[in-house]
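What follows is one structure encoded as structure tokens, with my remarks underneath.
Order of listing sets the numbers, starting from 1, for every ligand and every atom in it.
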Amino acid sequence: MQKILTKEEYEKRIKCVRITKEEIQAKIKEAGKIINSWYDGRPMLLVSVLNGAFVFMADICRELTVPVEIAFMKAESYSGTNSTGTVNITLDLKQDISKYNVVILEDIIDSGRTLKVIVEKLKERNPLSLRVVTLLDKPSRRKVDFKADVVLFTIPDFFVIGYGLDCDEYFRNLPDICEFQA
Ligand code: IMP
Ligand code: MG
């Protein structure tokens, strides 16, 4: 079962701010412009991978000025700060994506396993096109080959929390991206 943190324990785990909310917002605006330019107003489905990308989705979708539908998938592979290596899709799309240009929004690419599984699964359904936009990328941690179309920030190998990212479901509400103190 998950440990309940006291306020003091909670605060001790936030080591330092690594990317400020202002830096995030500046990159979100740039990424929004790129996505707006992609499909010339043709049907776009923005798919956020829960839970981590929920804040990213909320900010990116408000930068878009073209017709867009939003949808959510859920993938689970982590326990605390460790990847378990197997990826389970626990929430799937209902849409027939053969009618859409699909843009997947992810919080972070670490081993690459989660997105590899999601992209393979969605490609089998023949979307008009499929692209991946990730807030963060930790390329030094890759276990399987995977490259996103757009990366907002590339970071070294440390565990991050905040702006949607968690450790054991805590810290998602922090406005900045912070380093986790183990
Ligand atoms: P991957 O399958 O190893 O690429 O991991 C992707 C998922 O692991 C992300 O969607 C996150 O939910 C989680 N994850 C990986 N690294 C971190 C981190 O530094 N902080 C919080 N979650 C992470
Ligand atoms: Mg997570």
Where on I161 is there a heavy atom closer than 4.0 Å to ligand 1, on the side chain, on the backbone, on both, or on neither?
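Neither; nothing of I161 gets under 4.0 Å from ligand 1.
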
Counting only heavy atoms, which portion of K138 has something under 4.0 Å from ligand 1: side chain, backbone, both, or neither?
side chain

Could you check whether [X] pairs with [Y] (Lys NZ or Arg NE/NH1/NH2 to Asp/Glu carboxylate O, under 4.0 Å)?
X: D137; Y: R142; result: yes
X: E124; Y: K121; result: no
X: E9; Y: K3; result: yes

Tell me whether V87 reaches ligand 1 (any heavy atom closer than 4.0 angstrom to a ligand atom).
no

Does S111 come within less than 4.0 Å of ligand 1, judged by its heavy atoms?
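Yes, that is the case, since the closest heavy atom of the residue is under 4.0 Å from the ligand.
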
State whether a side-chain donor-acceptor pair under 3.5 Å links Y163 with D59.
yes

Distance-only donor-acceptor check, side chains S98 and D96, under 3.5 Å:
yes

Taking atom 5 (O) of ligand 1 as the point of reference, which of L50, L165, D110 owns the nearest heavy atom?
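Ranked by closest heavy atom to atom 5 (O) of ligand 1, first place is D110.
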
Which pairs, with at least one residue in residues 108-140 and sequence neighbours excluded, count as a ring-ring contact (aromatic ring centres under 6.0 Å, His included)?
none

Just distances here: any N/O of T114 and N/O of ligand 1 closer than 3.5 Å?
yes

Say whether V160, considering both its backbone and side-chain N or O atoms, lies within less than 3.5 Å of an N or O atom on ligand 1.
yes

Distance under 6.0 Å and angle within 45° of ring axis: R18 vs F158:
yes

Distance under 4.0 Å to a non-hydrogen atom of E106: what atoms of ligand 1 satisfy this?
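Answer for ligand 1: 10 (O).
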
Just jot down the ligand 1 atoms closer than 4.0 angstrom to any heavy atom of G112, in number order.
1 (P), 3 (O), 4 (O)

